[in-house]
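Reviewing the structure listed below.
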Amino acid sequence: MNSIIEINNLKKIYSNGNHALNGININIEKGKFFGLLGPNGAGKTTTIGILTGLVNLTSGKIKVNGLDIIKDYKKTRKMIGLSPQEINLDVFFTIRELLIFQGGYYGLSIKESKKRVDKILFDLGLEEKAYSKARELSGGMKRRVQIAKALIHDPEIIILDEPTAGVDIELRHLLWDSLREMNEKHDKTLLLTTHYIEEAENLCDEVAIIDDGKIIAQGSPKDLIANDGESLINITVDNWDSSLLPNFTSNFQDNIVTIKSKNSDKDTPYIINKITDANISINKLDIRKANLEDVFIKLTGKKLTDD
Amino acid sequence: MINKSFYTLVYREVWRFLVLYKQTIMPGIITAALYMVIFGEALGSRIKLENNIDYIIFIIPGLTMMSVIGQSFANSSSSIMQAKYLKFIDDYLIAPVSGFELSMSFIIGAILRGVINGILIILTCALFTSFTIEHYFLSLFFLIVVSCAFGAIGVIVGIVSKTWDSVGVWGTFVFMPLSMLGGVFWSIDMLPESWAYIALMNPLYWMINGLRYSMLGISEISITFSIIISLLFAIIFTILASIMFSKGYKIKS
């Protein structure tokens, strides 16, 4: 396995005694789109804070491309671009100037940095705002500048902490397209933290579910759902025979039979055949597919999001 | 140590105060000019010094040093406070630079602001009176070393302060009184013996005396000791500021 990020037994106890991370282990392969999924306060931001140098670890080890993030911090930090959750733009300079400085912090010359900035401003649709200051931008524009800051030095690894928090649906989908392009066309490894199920399912090749500072499941969204998720097949019928589907858990109420299925794509045709063979007429069919939220509820007994 | 990352950090720090020159350069010059008019021209003619030097000329090094201290401290402390307040300090903390490089970028910004202010004040004062600088390089040395010391103190205060108020407290309640009691407007000969002894305990007195010697060629105390005290302050606080950045004291979780 060609791991680009290796997190081993990482622990973080804050000075107030809060155990934010309780020995997590994560391996992220080069070129993957990896999601760290969990509710607020689960330890996502602490994990990437340690990875990027914003938070001091209590114990454990993190390697980036085989290099220790503490001993070889100058090398590892150049490989990482971070788009933090909170907007943190320098208000003294124009967007173009602050991006040029950002490139400089990562070792680009002013000339190289200017070239990169002009390209990124164009790619992210920010060229008209190049000479505006941060306070003149809308929330969505600021979010794009945050992402531009992470990309300016062309890092191998791009870390995005809740990149679409608080942005409208249109921009969210635009950002998703940009992120997919970075991963697929430019071969970047992306680490995304999110509490949006849809985001993780749509973008990530692999997801780690984190809760209370522990990784409780890791795998592709498809596998996680297949292992721990259950789809609900709701069929409206005139009458019901409870002995018809002995291998399924079902419930009949108000003329609707609700059947739990681990694989709705495979089970639905079988169930329909069984019902029609029993001369029960089907008035309506509705399938609610299992998602990562169901996996999270099953594993922790609580909901992932409040919204 | 000189690499592109460090160079950019310094460039940003210098560019920041140059862009804001109305807040960072002009006030120091105007204040010094006012002091020259009020204390030098209006009151100075009534004050006689033992070494027969004009009072208006006597206060120029003190006024310069007072501004250099205030400006260099303000530069680094306010820059860090703004970065903390707007959270873009994270951009520095995740950059591939050491704590020493980070602290030095703020300190170099503070040195340049202090030295530019100092030189402009000396030039402004030259409009009011005529004097010649005795030791140019020693004058520059004191401007640089004292700016470095107070730039480093500004870094430390910027790191530990939670509010703008706590930064302001240092200027109002510590540096201004120490400057005023450090011989900006008086010679030690003018003081009663007990106060003269207390003045010697004030490090700013040694720094002001050092610049006064380098500019006017007069010294009330040992110039060597002035150089040593100024250097020690600069070195100790620069090391302390670098350690704080390296450890992430109060700025990393």
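This one's a predicted model, so the numbers in the text were calculated from it and none came from an experiment. Order of the sequence lines fixes the chain letters, A, B, ..., with proteins taken first and strands second; residue numbering starts at 1 for each chain.
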Please round to the nearest 0.5 Å and tell me the distance separating atom OG of B:S5 and atom CG of A:L108.
8.5 Å
The reported gap from NZ in B:K87 to CD1 in A:I87 (rounded to nearest 0.5 angstrom) is 12.0 Å
Based on non-hydrogen pairs under 4.5 Å, which of A:Y73, A:Y14, A:F101 is most in contact with chain B?
A:F101
A:K74 to B:P96 - nearest heavy-atom pair and separation:
O-CB, 3.3 Å
Separation between CD1 of B:I94 and CD1 of A:I48, rounded to the nearest 0.5 Å:
9.5 Å
Flag, side chain of A:K149 to backbone of B:D91, donor-acceptor distance under 3.5 Å:
no
Is it true that a side-chain atom of B:R16 and a backbone atom of A:F93 form a donor plus acceptor pair closer than 3.5 Å?
no
Of the listed residues (A:V55, A:T52, A:N56), which shares the most heavy-atom pairs with chain B below a 4.5 Å separation?
A:N56
Answer with side chain, backbone, both or neither: which region of B:I89 has an atom nearer than 4.5 Å to a non-hydrogen atom of chain A?
neither
Would you say that more than 12 heavy atoms from the other residues, nucleotides or ligands in this model lie under 6.0 Å from the NZ of A:K63, or not?
no
Within a 6.0 Å radius of atom NZ on A:K214, are there more than 12 heavy atoms belonging to other residues, nucleotides or ligands?
no
Distance check, rounded to the nearest 0.5 Å: B:R12 atom CZ versus A:Y105 atom OH?
5.0 Å
Residue part contacting chain B, namely of A:L89, when any heavy atom lies under 4.5 Å
backbone
Between B:S98, B:S253, B:A95, who has the most heavy-atom pairs with chain A when the cutoff is under 4.5 Å?
B:S253
Can you tell me if A:E86 has over 12 outside heavy atoms packed within less than 6.0 Å of its CD?
no
Enter the distance from B:D90:CG to A:N88:CG here, rounded to the nearest 0.5 Å.
5.5 Å
Options A:R77, A:K12, A:E97, ranked by heavy-atom pairs under 4.5 Å with chain B, top entry
A:R77
Please state whether the side chain, the backbone, both or neither of A:Q146 comes within less than 4.5 Å of a heavy atom of chain B.
neither
So which atom in B:F88 and which in A:D90 form the shortest heavy-atom distance, rounded to 0.1 Å?
CD2-CA, 3.5 Å
